[in-house]
There are 2 protein chains.
Amino acid sequence: MLGVSQSTVSRAFNPKASISEKKRQMVLDAANKLGYTPNAIARSLISNRSGLVAIALDSESNPMYDLQTRKLANAIQKRGGQVVLCPIDKDDLDLAISRAIEYQVDGLIIATSRLTSRAIAQCEKFGVHLSLINRYIEGVTANCVGLDNLDAGIQAADYLAGKGFERMIYVSGDAGSMTSEERWKGFSKRLSELGLPAADYIQCHYNFESGLQAANEILAKPHQPQAIFCANDILALGVIDGLRQAGKNVPKDYAVMGVDDIPMSNWPGYSLTTIQQPLDKITQLAVDDLLSRIQDEKEASGDYLMHPGLLIERGSTQV
Amino acid sequence: MLGVSQSTVSRAFNPKASISEKKRQMVLDAANKLGYTPNAIARSLISNRSGLVAIALDSESNPMYDLQTRKLANAIQKRGGQVVLCPIDKDDLDLAISRAIEYQVDGLIIATSRLTSRAIAQCEKFGVHLSLINRYIEGVTANCVGLDNLDAGIQAADYLAGKGFERMIYVSGDAGSMTSEERWKGFSKRLSELGLPAADYIQCHYNFESGLQAANEILAKPHQPQAIFCANDILALGVIDGLRQAGKNVPKDYAVMGVDDIPMSNWPGYSLTTIQQPLDKITQLAVDDLLSRIQDEKEASGDYLMHPGLLIERGSTQV
DNA sequence: TTGAAAGCGCTAACAA
DNA sequence: TTGTTAGCGCTTTCAA
């Protein structure tokens with residue numbers, strides 16, 4: 001004790017409290033010497049704001065989500081928040097969310113998981129602000145930000161058509177995935193506008209192994225496509241490896257492209273043409289919006305901010 | 001209010017409190033109906049234990065660490081803990097740790113980052129239990145668990161020698177990395193025991209691009225190796241792609257193997273022979289040990305538990 | 001600008 | 001088995 005009250009110490013650590021600069025320095029110096037750190041937990045108890053932001057995480061690993069989670073965590077930390085991980089378990093979808101609520105998280109970012117509507121309702125009830133990335137949930141008060149998926153499909157169609165391909169096939173992501181459906185919608189619509197034959201459609205999943213299987217399905221088709229548009233990159237890489245296992249050559253026999261631009265797409269072994277997600281912009285926007293909503297206790301506006309992707313041409317579509 | 005005291009409610013939520021089963025059910029039912037959840041933040045204020053476990057995370061993405069983080073998060077959550085992410089920023093190595101300390105994290109798992117010793121000292125001072133994975137830090141009170149790296153090097157040497165290779169080269173990880181040095185030590189020692197010529201050594205980094213470069217270095221060597229042992233998989237995949245870019249064939253021209261067994265190593269395009277880390281066992285052990293130390297307020301014993309890896313033979317070493 | 005005092009939601013020691 | 005009470009470390013009125 002150096003003769004100041006508890007309140008003075010508190011004020012010294014609060015940048016916008018009214019305190020003399022002299023006292024503040026005195027307290028801060030002493031704190032440094034004694035190794036004192038304010039207790040964020042006690043603070044959130046009184047201020048009714050924890051500073052905690054949860055990120056929902058699928059149990060299955062996926063390069064794109066791992067990248068996204070990292071970027072989100074960095075952005076949140078840089079803005080003064082603290083990240084809590086919510087690993088969504090197959091067996092108990094709600095557990096992680098209710099745990100997070102017990103810890104009074106201020107916000108929840110959902111980029112990946114299929115959560116139950118019960119869990120989402122819980123969040124709304126407890127005033128947890130929601131931020132959705134690349135997905136939309138009916139009847140939920142949340143802001144969304146993501147890739148313009150319809151546009152991505154259109155870009156792919158334009159690009160492949162421009163390359164002179166006519167017979168095309170779309171390899172979808174998980175059934176019911178909005179991202180996959182929008183990409184398909186844009187792709188097929190644009191092809192028909194261009195007067196090209198309708199693309200074939202393969203129902204698939206967002207992972208490498210499904211891509212391998214899709215390759216076999218493609219090889220069994222009576223009408224062989226010239227170009228393959230995959231709902232995302234990891235799937236496209238699987239398709240490429242599947243085709244190569246059967247002795248085919250990409251791009252000579254088939255042009256293949258994806259969406260995302262994960263690091264592996266740029267590996268020379270694949271050199272995958274893809275539509276790059278503006279990941280930095282998306283995560284930045286999502287975090288900015290979420291944290292400012294938390295700060296100002298503002299309701300979500302329900303906006304869906306969409307950003308166009310950038311087509312990156314690589315070897316997988318160039319003979 | 002249904003006529004019980006605050007303490008009774010508290011006891012209803014504490015499994016080992018003395019309370020009649022009837023009252024507990026009554027409270028739990030009412031809580032369910034009203035949507036009441038105990039406030040974990042308030043609890044940790046009094047109990048002096050937050051239930052929070054931090055995971056230090058490098059800013060650079062890496063399949064192995066992403067996998068590990070996911071597994072750790074799941075294990076921690078399953079054991080009743082809550083995971084906080086500590087993204088270690090290049091510019092401010094200590095920020096994330098001091099933030100975590102403000103949030104009174106009970107433990108910190110370091111699997112990846114080069115933290116400053118100041119940050120580690122802070123942890124010890126504030127009673128944050130430490131758990132190291134695949135690394136050892138001089139003079140730090142922590143328990144470590146990881147792969148037996150020396151043994152991994154020995155296994156690689158035995159395996160490649162058994163395949164009849166004589167001229168070998170080792171592609172290292174980051175300079176100063178203990179994992180890489182131990183693997184090299186085991187590898188080179190075993191080769192000399194087997195009476196084989198000493199392996200060449202290339203100083204490298206733990207990422208794909210460095211692998212690409214290493215391939216060029218190898219190609220420029222006057223004495224061409226027959227087999228290449230890489231400090232980890234991501235590096236090995238880079239080496240393979242680098243060699244193939246130069247028109248070489250793996251495994252015909254060069255046998256390549258790595259350590260880790262990341263998902264990409266099993267992709268048909270690479271089919272990389274590798275020494276698999278017992279990731280499930282390692283994460284399970286680390287979490288069990290850490291959480292039980294937190295629970296019993298036990299000091300770390302300083303143990304380093306090592307687990308042997310399992311050699312997975314794939315195409316990259318079989319002509 | 002400062003200090004005193006109340007109280008955030010909970011747990012634990014004590015008494016009944 | 002229950003209720004009463006004190007207090008965890010902080011912020012925030014309210015007075016001075």
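Chain letters run A, B, ... following the sequence lines, proteins first, then strands; residues in each count from 1.
At least one side-chain heavy atom of Asp288(B) sits under 4.5 Å from a side-chain heavy atom of Gln284(B). Here the side chains of Thr69(B) and Asp66(A) are not in contact, with every heavy-atom distance at 4.5 Å or above.
Using a cut-off of 4.0 Å between Lys/Arg side-chain N and Asp/Glu carboxylate O, Asp289(B) and Arg293(B) are scored as salt-bridged. A salt bridge links Glu21(A) and Arg24(A); the closest N-O separation between the charged side-chain nitrogens and carboxylate oxygens is under 4.0 Å.
With DNA chain D read from its 5' end, the first of the two nearest nucleotides for Ala17(B) and Leu45(B) is the one closest to Ala17(B).
Considering only side-chain N and O atoms, Lys23(A) lies nowhere under 4.0 angstrom from the phosphate OP1 or OP2 of dT1(C).
Minimum heavy-atom separation, Ala54(B) to Val105(B): CB-CG1, 4.2 Å. Between Asn143(B) and Ala300(B), the shortest heavy-atom distance links the atoms OD1-CB, 3.3 Å.
Just one residue in the list Thr112(B), Thr179(B), Asp174(B), Asp260(B) forms a side chain to side chain donor-acceptor pair (under 3.5 Å) with Tyr206(B), and that residue is Thr179(B).
Straight-line distance from the CZ atom of Arg24(A) to the P atom of dT1(C): 10 Å, rounded to whole Å.
For Thr8(A), taking side-chain heavy atoms from C-beta onward, the closest of the listed nucleotides dG3(C), dG9(C), dT2(C) is dG3(C).
Close approach of DNA chain D to chain B, defined as any atom under 4.0 Å from a non-hydrogen atom of the protein, starts and stops at dT1(D) to dG9(D).
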Let me have a per-nucleotide readout for nucleotides 11-16 of chain C, 5' to 3', with B, S or -, counting only protein heavy atoms under 4.0 Å.
BBB---

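The ring pair (Phe, Tyr, Trp, His ring centres under 6.0 Å) search around Phe13(A) returns Tyr36(A), not counting sequence neighbours.
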